[in-house]
Each structure stands twice: as structure tokens, then as C-alpha cells.
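Report on the following structure.
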There are 2 protein chains.
Amino acid sequence: MVTLAEVAQHAGVSASTVSYVLSGKRSISVGTRQRVERSIQELGYHPNAGARALASSRSNIIALMVPLRTDMYVPVMMEIAIAVATTARAHGYDVLLLTGEEGPDAVRRVTGSGLADAMILMDVELDDERLPLLRQTDQPSVLIGLPADTSGLTCVDLDFGATGALCAEHLAALGHRDIAVIGEAPAVYERHTGFAERTLDGLRSRARELGLRVLHRPCEGGYDAMAATLARIFDERPGTTGFVVQNESAVEPLLALLRQQGRAVPEDVSVIAVCPDQVAVQASVRLTSVAIPAHEMGRRAVERLVAKLDGHGKDEVVLLTPELTVRSSTGPVSGGS
Amino acid sequence: MVTLAEVAQHAGVSASTVSYVLSGKRSISVGTRQRVERSIQELGYHPNAGARALASSRSNIIALMVPLRTDMYVPVMMEIAIAVATTARAHGYDVLLLTGEEGPDAVRRVTGSGLADAMILMDVELDDERLPLLRQTDQPSVLIGLPADTSGLTCVDLDFGATGALCAEHLAALGHRDIAVIGEAPAVYERHTGFAERTLDGLRSRARELGLRVLHRPCEGGYDAMAATLARIFDERPGTTGFVVQNESAVEPLLALLRQQGRAVPEDVSVIAVCPDQVAVQASVRLTSVAIPAHEMGRRAVERLVAKLDGHGKDEVVLLTPELTVRSSTGPVSGGS
DNA sequence: ATAGGCTGTCGAAGCGCTTCGACACGAACT
DNA sequence: AGTTCGTGTCGAAGCGCTTCGACAGCCTAT
């Protein structure tokens, strides 16, 4: 293990000089800098992370708490995690992966031990039990998601309210009057993660303005659950011609069922999905969708965090504007007019 | 920030005594231990990670390198990552998330800086450029996957050869004679990640013994790619009645296409998927499948690693035995005999 | 010519912990 | 009684780095 001292000796300077070359916190003459850099190269020196953390009280690590359960939006979570790791690295930070399993204790442990300089929380519930801890510590944090009370917190999320509104507008413009929302699994609503409710609220209020009738049904993923849900929907509102699907794992079953029932997409019914673009283009029908900008969310979260760590950057809520991409699963209402 | 010294003072003992209470490396009288533990509680003490790492040259962190690309098996990757994080935590380790982006440099950086005590590599290629580094460092590591040369390495993986064989056996037993393998995207083969080839080899050699004819076609995910692939298959081998699908994102398109062509599953054609159970049961047909035991792989990898860190634990290759679960997508060949 | 200000470098202190050797004490032997 | 041993505790020496204050040397302004 090569140490700073060895590099210093090799370069014929003092240890502090090497340190300053590395950190750039004091000016160093060109000659010295080059000599030190060559020594670092030649000896294959890597600063020891523990020593650095101890001396500077900075670990250069960002903690990322991901949900333990894999029941929803796995690709989204994964994409966010990867975006976080990549962006963090670009800013000189590493990422510590924490699962939600430990709950609030993880927050205490990480802030208390100085393991990480800051944290990013995913899958935030409306009244998350980790929030009080975050507010009382002075360690910066960013939430991906939106709790009920955002005071004193920084949040990054898709504007799910606007997402819902966008879906309503698109379907209304195409002449649909009766639409059904295939929501997340009931467990998601019970957990009060918020984004599902926000989508629904946004959709409902815009739908009211536009004169749409909305039927909302939570739905577990999978074929069987979707079949049952769909049957109930057509039972209750036979005239339903528009679907908004928020549950990724219900999309493909829905398409299969519609096909099977002889309802053509988009001629007879239109379907909008709220999902990553990749899912939308890989489906059996190229889906009109509102994208979940997972990469963007991860990146923004890290950037906010880094800004805070650098001293600037205040608490704020960043809501990303949703974008609807028209593909082949939505079209004007047939038969009508 | 509460320090060891403060705890010691509060409990009326020396710092080293507190340290020994924490680590258990020397015997401590019951009375002293309790006094110290109470002080720790009362003061809310958390040992400083950096100081601990510096003094003990142990960071209690395991690095996990996940592939950057999200083009394949995302749910599997995620599940492995979560299993790793959970299991590691149970053994007192935290997990550092590295993306494949940095490549071999990440290995150098982590081992050089003492950031982590050990590493787990996913998405290992047959002739991975990180392997030489792993062999020459004395830091323990475990691969999830199987490179060409495993000497001096510890690997955990599903026995994909046996997986392929299992598929062949099941289809043969049901009377199928002409089978098609829908493989991973061409990029996966080009990258030489190995598992796809191993599945195919295992399947081919068992098929030969059983007198099956095998057609293998790599396939990008998605509906369009699957449609083209399927057309070519039936063009070349109209009598194909059995399918083995290794690409998750081709499963649902395949089912939709077969349905659309009026070929009933499992009456006319049988389909076996190689995928996590969750995917198999959520598909539009409950799929007969060979499970990818992602959780188990992550857990085993950590356990091997912890064993190595504790001194026991030698280099070895652990191949998990595949298990085929019969569901509703495979059945005896119709019409025949 | 001299005071003042930069620039580049160094030495030393200390971050909070682990761990080694020392040692005091009582118990269990001769 | 003295020796030996084991047990429980302490003090001190680092681990490898950052950072502060000091200062030598030079340049510029007076």
C-alpha cells in the first residue's frame, strides 16, 4: 500500500505539498506539481479513503436508499439507481446502496457514523417516518418522490398531477368520453406513496373540466388480475373507450385481453401508459405514453445534492414536466359523430 | 458528534475499554460492559466509519459492480443487488454501488483506496478485462457469472448448461421433435457474457441425445423483432412445436404473436421461459419456466465473500441447480401418434 | 533601499479509532 | 508463604490523511 508520505519522499517534497497537489487547495508551482504527479503515477498511489474521511470529515459517499420490495416499477428504480451512481461518480462521489429494510435506523446509522456525506431517498411515503430525522440532521438529503409536507426538504419528482391531466386532455381531444384508469396495486395506495393519488387527482380534475367520465380501478399486475378488473370495468361502463394504465405489469395483459375480446387498439379503444419509453416501444402495440424520466430524476437528485454539499443550493421542490408521446395505441373515437 | 472518548469518560473507563466492549476482542466484566453500553445508549454514540477504517484497515464495505446497460434482465440484476445489500447488512457490511462504466479502473480505485474490503462483480464476460486485476490483488472477490478461466476465482452462477438440458428434456418428454430457441439479443452473444452460450450448448447436446432438432435464433426484445424472428423460424421449420425463450422481453410478444396466428398454447405449441418466477406467473399464460434464482445468487455471493473475509472460504465455483416448474404453457404434442 | 504583499513550501497537530504490551489483582496452585 | 496463571483494565502508539500557521524568497510600490 503506497502512502502519501512515500509519494512525497519519491518526489522530494513534503507530505502536505502532495496533499495540496491532490486537492488543489493551495497553489503549487508547475514544476513541483508535475514532479508529484509523476511520482503518483509511477508508484500507483491511491489515497486511502478512511484516512481521508477521518481527516477531512468528508467521505465523498452519497447514500441511496432504495425500496426493498420489488413489486413495482423495478426498471424505473434500477434506472434511477444507475443514473444516481453515474452522476455521482462524475462529481467525485461514490454511492452506498441501502435498502429500505432498516428504515429510519439506516438514516441514524449513516448520519451518525459519517459513512456518507448525504443521502437520497426513494419511494417516499406521504408521511414518511424518516422525514423527521432528515429535518433534524444537518446532513443534506434529497427525496425522489413527494411527501405531504415538503417544508425544509428538497424533492425531485415527476409532476404526476400534470401527468394525469395530460392523459385526460389527450383522450378528450380524441373525442373519448368514458375513460378508465388502471391504477397501481391496492398495496401502493395503502402505503400512501402519493404518486398514484397525484396522478389520479390531476386526471380527475382535468377530466371534470373537459366533461369526461372517469372510472378508477387499482389493479395488481398480471393477466388474471387484469382480466377481472377489465371485466368489472366494461360491466359498469360498457361505453368505455379510453384507458390510462399506470401499472407497468398490467399493460401487456390489458392489450392481450382487448385483442382477445375483439376490441382493436386504437380503432375501438385507446390506451395511454404511464411508463418508461423503453416499455412503451417494446409493447405489442407501440404505446402512446407519458414517460417516467427515471434517468433525469436520478441525475437531478444528485446535482441538487452536490450543490448543497458545495454550499449553494437551497431546499426546493423540483417537479419535472411530463411529456406525452403519441404512438400507435391512441386514436379518435370511432363510430361517433 | 459523540466520540469514543466521550463515551469512555461518561462511563468512567478508558477509551480502549469501550473499544473492546464494542468489538468483543477482549473479555470485559459484566458490570463494565453494562455501564459502557448504557453510556453508548444515552449519548447516542455511533462509531466514526472513517476512523474505524483507518485504524483497522477494514471498511466493512463490499463493492458491487453492476452493469451499466439496462438492456437485459433488469429485474434479475435488481433482485441480485437487493439480495446482496440485504445479506451484506445481515453480516455487518454495507454495499457500495459501482457501475460497470469505469471498467477495470473501478477495481483499481476500490482496492487501492481501501474503500471496500471485497467486491462482487456482475455481468462477467468470458474473458473479462477485470479478471487479471482480481487475481493479482489479495482483496477477496466473487463473480456472479462464469468466465472462461475460473482458476483462482470464486464464482456463483446458475448452471445454465443444465438449464438448457432441462428444457430439452421436458420438451422431448412431451413428444416435441422440432424446437426453437429464442435467444438473447445479438449484442449479448457478441459481448461473450457466456450464460447464453452455455444454455444453448447444454440444450443442444441434450437435444442431440434425445433426437430433437434445434433451431437457435438470437432476438432483440420487443414485438417487431419477435415477429420477424418468429416468421423466419416457421419459414425454416414449419413443424416447430416447442419454444425455449431466454429473452424476457421477447416472452410476451411471442405469446401475443402465437395467439394472433391461431396457434394455441399449450395445445399447438409449447413455450418454456428461462426467467424469474415472478415473470413466469405474471405472463398472459402461466409459463412453464426454469427459474433464475436471483436472490439466491446474491445471497450466496455475499456468503462466500464473508467467509473469505473471515479467513475460511477457498476459491470455488458454485453452480446452482436449475429447477423447472411446469405451468400452463407446455403440453404434449397434439395430432401426433 | 525598505516595507509590504504574494507565492510556494514545510512542519506539526490532530481527526477518532484499534490494538499491543503492561500491569494490577485475586484465585489456584505448590 | 510464594509462585503462577488468567482476567480485566489502561496508556500509548500509531493508522494516512488534511489543514493551519509559519516562513523563506521574490516582486512591487514607495
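Throughout, a chain's letter reflects where its sequence line sits, starting with A, and its residues are numbered from 1.
Two residues are said to be in side-chain contact when any heavy atoms from C-beta on lie closer than 4.5 Å; Val95(B) and Thr99(A) fail this criterion.
Across residues 30-55 of chain A, Thr32(A), Leu54(A), Ala55(A) each have a non-hydrogen atom less than 4.0 Å from an atom of DNA chain C (numbered order).
Asn60(A) is linked by a side-chain hydrogen bond (donor to acceptor under 3.5 Å, both in side chains) to nothing, counting only residues two or more places apart in sequence or in another chain. For Arg38(B), the side-chain hydrogen bond (donor to acceptor under 3.5 Å, both in side chains) criterion is met by Glu42(B), not counting sequence neighbours. Residues satisfying the side-chain hydrogen bond (donor to acceptor under 3.5 Å, both in side chains) test with Asp159(B), not counting sequence neighbours, are none.
When atom types are taken as modelled, the side chain of Arg35(A) and the backbone of Ala11(A) share a donor-acceptor pair closer than 3.5 angstrom.
Ser29(A) comes within 4.0 angstrom of the backbone, heavy atoms only, and of no base. Heavy atoms of Leu4(B) sit under 4.0 angstrom from at least one base atom.
Between its opening and closing five pairs, the helix from dA1(C)-dT30(D) to dC29(C)-dG2(D) changes axis direction by 40°, a value rounded to 10 degrees.
Side-chain contact check for Ser19(B) and Ser16(B): no donor-acceptor pair (N or O, by modelled atom type) lies under 3.5 Å.
Contact detail for Ser59(A) and Ala53(A): the closest heavy-atom pair is CA-CB, 4.1 Å.
Between Asp94(B) and Arg109(A), at least one side-chain nitrogen of the basic residue sits less than 4.0 Å from a carboxylate oxygen of the acidic one, meeting the salt-bridge criterion. Residues Arg299(A) and Glu296(A) are paired through a salt bridge, judged by an N-O separation under 4.0 Å between the basic side chain and the carboxylate.
A nucleotide of DNA chain D counts as in contact with chain A when one of its atoms lies under 4.0 Å from a heavy atom; the first and last such, 5' to 3', are dG16(D) to dA22(D).
A side chain to side chain donor-acceptor pair (under 3.5 Å) with Thr154(B) is found for one member of Glu316(B), Arg304(B), Lys308(B) and no other, namely Lys308(B).
Comparing Ser16(A) and Ser27(A), the nucleotide of DNA chain C nearest to each residue sits closer to the 5' end for Ser27(A).
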